[in-house]
Amino acid sequence: MRVSVVLLLLCLSSVHLHRAVDQLVVGDEQTEFTQSQIEELKKQYAGLEGSVDSTELSAEEPGEENSNTAKVAFSYASGLNGNFGPHSSDVTVVFRKKITDVGKAFSPITGVFTAPLRGVYYFRFNLLGISSYWLAVCLYKNHTKILDVTKYPKGQYKYAVGGATLLLQKGDHVYIKLRQKSQVSDNSDNHCTFSGFLLFPM
């Protein structure tokens, strides 16, 4: 609607300029344009042209921005049908069963997420323990431990749940480690999952 009004004003202004007769007939009265009035019309005409240009630019920008925004999101389950652990040292938990994978930034072979671009990401994990072993898991960014969640199931269903928002550089790694002497359990119900997604690029 705004563009249509602007174009109409442009046409009206153009008619006044190109008649170049320095006079306008309104009903039975004749009115002469002064030079200053003609200059004022020219300024208005130029201003309306700029308004149209800016309107067209603003209409194009949202599409361009959306097309350049990376899309990264994943959610994997462990794929286990039984127990994993205990081990004599900390080990990376590998999540092999794909639920969602947009951007292909998570590896179901290594269990490691690799940031495809600099940005702020959110990660969440959910792991189940049901034995007499400890359930202790950690979220890592590269070689730095971000958080540690520890439970003692005592033969009952216990979940280790955690999440964090991280600023990552391109190539940074994020993964889950099961601490030594700990154990997780899973089946086809997908009790153990690891998920993450890009909130916004930086």
Side-chain angles (χ1 to χ4, degrees), residues 62 64-202:
E64 292 176 357
E65 182 180 352
N66 291 337
S67 64
N68 294 329
T69 301
K71 297 175 177 61
V72 183
F74 75 92
S75 187
Y76 276 78
S78 69
L80 291 171
N81 189 20
N83 302 321
F84 178 68
H87 302 278
S88 58
S89 60
D90 295 358
V91 295
T92 300
V93 181
V94 179
F95 297 83
R96 295 186 172 87
K97 186 177 179 181
K98 183 175 75 172
I99 299 172
T100 301
D101 191 349
V102 177
K104 306 297 181 183
F106 179 80
S107 171
I109 298 174
T110 63
V112 176
F113 172 86
T114 303
L117 74 161
R118 185 175 188 269
V120 176
Y121 297 77
Y122 178 74
F123 298 92
R124 178 183 174 84
F125 60 85
N126 189 81
L127 294 131
L128 171 68
I130 57 175
S131 68
S132 57
Y133 291 101
W134 284 98
L135 170 60
V137 294
C138 308
L139 177 69
Y140 274 81
K141 171 186 172 182
N142 297 324
H143 300 293
T144 302
K145 184 192 295 184
I146 301 300
L147 58 86
D148 186 319
V149 180
T150 301
K151 300 285 185 178
Y152 188 28
K154 296 181 180 180
Q156 299 178 344
Y157 276 60
K158 291 287 184 179
Y159 286 93
V161 180
T165 301
L166 303 176
L167 172 60
L168 302 181
Q169 304 298 325
K170 181 178 180 179
D172 279 350
H173 297 147
V174 178
Y175 51 96
I176 304 295
K177 272 196 171 183
L178 179 68
R179 295 182 63 182
Q180 60 178 342
K181 299 179 181 179
S182 296
Q183 187 181 78
V184 295
S185 302
D186 204 357
N187 54 32
S188 59
D189 292 331
N190 302 330
H191 294 282
C192 300
T193 58
F194 183 32
S195 305
F197 53 88
L198 173 67
L199 290 171
F200 49 85
M202 294 286 288

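When a residue number appears, it is its place in the shown sequence, counting from 1. What you see below is based on every heavy atom in this structure, not just the backbone, and it leaves out hydrogens, waters and symmetry mates.
- Residues passing the salt bridge (charged side-chain N to carboxylate O under 4.0 Å, His left out) test with D148 are K145, R179, sequence neighbours excluded.
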Compile the donor-acceptor pairs under 3.5 Å between side chains in residues 88-96 and protein atoms, sequence neighbours left out, one pair per line.
{"from": "D90", "atom 1": "OD1", "to": "Q180", "atom 2": "N", "distance (Å)": "2.8"}

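- No side-chain heavy atom of F194 sits under 4.5 Å from any side-chain heavy atom of I99.
- For the atom pair CG of N142 and CG of D172, the computed distance is 4.5 Å after rounding to the nearest 0.5 Å.
- For P201, the side-chain contact (heavy atoms from CB on, under 4.5 Å) test picks out L117, L198, with sequence neighbours left out.
- Identified under the salt bridge (Lys or Arg N to Asp or Glu O under 4.0 Å) test for residues 120-138, with sequence neighbours left out: none.
- Within the model, atoms NZ of K181 and CH2 of W134 stand 12.5 Å from one another, a figure rounded to the nearest 0.5 Å.
- Across every non-hydrogen atom of F123 and G196, the tightest pair is CD2-CA, 3.9 Å.
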N/O donor to acceptor pairs below 3.5 angstrom from side-chain atoms of residues 151-171, sequence neighbours left out:
{"from": "Y159", "atom 1": "OH", "to": "H191", "atom 2": "ND1", "distance (Å)": "2.6"}
{"from": "Q169", "atom 1": "OE1", "to": "R118", "atom 2": "NE", "distance (Å)": "3.0"}

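- In this view, T100 satisfies the side-chain hydrogen bond (donor to acceptor under 3.5 Å, both in side chains) rule with no residue, not counting sequence neighbours.
- The distance between the ring centers of F113 and Y175 does not fall below 6.0 angstrom.
- Rounding to the nearest 0.5 Å gives a distance of 8.5 Å between CD1 of I176 and SG of C138.
- With contacts defined as side-chain heavy-atom distances shorter than 4.5 Å, the pair V174/Y121 does not qualify.
- Under the side-chain hydrogen bond (donor to acceptor under 3.5 Å, both in side chains) criterion, N187 pairs with no residue, sequence neighbours left out.
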Would L127 and F125 count as a side-chain contact (heavy atoms from CB on, under 4.5 Å) here? Give the steps. CA-CA 7 Å; L127 294 131; F125 60 85; 3.7 Å; yes
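- Using cut-offs of 30° and 60° for the angle between ring planes, the Y122 and F197 rings count as tilted.
- Annotation: side chain of F106 is not in contact with side chain of V72 (no heavy-atom distance under 4.5 Å).
- With contacts defined as side-chain heavy-atom distances shorter than 4.5 Å, the pair K177/V137 does not qualify.
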If you apply the rule side-chain contact (heavy atoms from CB on, under 4.5 Å), what do you find for T150 with L135, and how did you get there? CA-CA 6 Å; T150 301; L135 170 60; over 6 Å; no
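- Partners of K97 under the side-chain hydrogen bond (donor to acceptor under 3.5 Å, both in side chains) rule, at least two apart in sequence or in another chain, are N190.
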Kindly list each side-chain donor-acceptor pair under 3.5 angstrom involving residues 74-87, sequence neighbours excluded, with atom names and distances?
{"from": "S75", "atom 1": "OG", "to": "S195", "atom 2": "OG", "distance (Å)": "2.7"}
{"from": "Y76", "atom 1": "OH", "to": "D101", "atom 2": "OD2", "distance (Å)": "2.8"}
{"from": "S78", "atom 1": "OG", "to": "L80", "atom 2": "N", "distance (Å)": "3.1"}
{"from": "S78", "atom 1": "OG", "to": "D186", "atom 2": "OD2", "distance (Å)": "2.6"}
{"from": "N83", "atom 1": "OD1", "to": "S185", "atom 2": "OG", "distance (Å)": "2.5"}

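- Residues meeting the side-chain hydrogen bond (donor to acceptor under 3.5 Å, both in side chains) test with N126, sequence neighbours left out: none.
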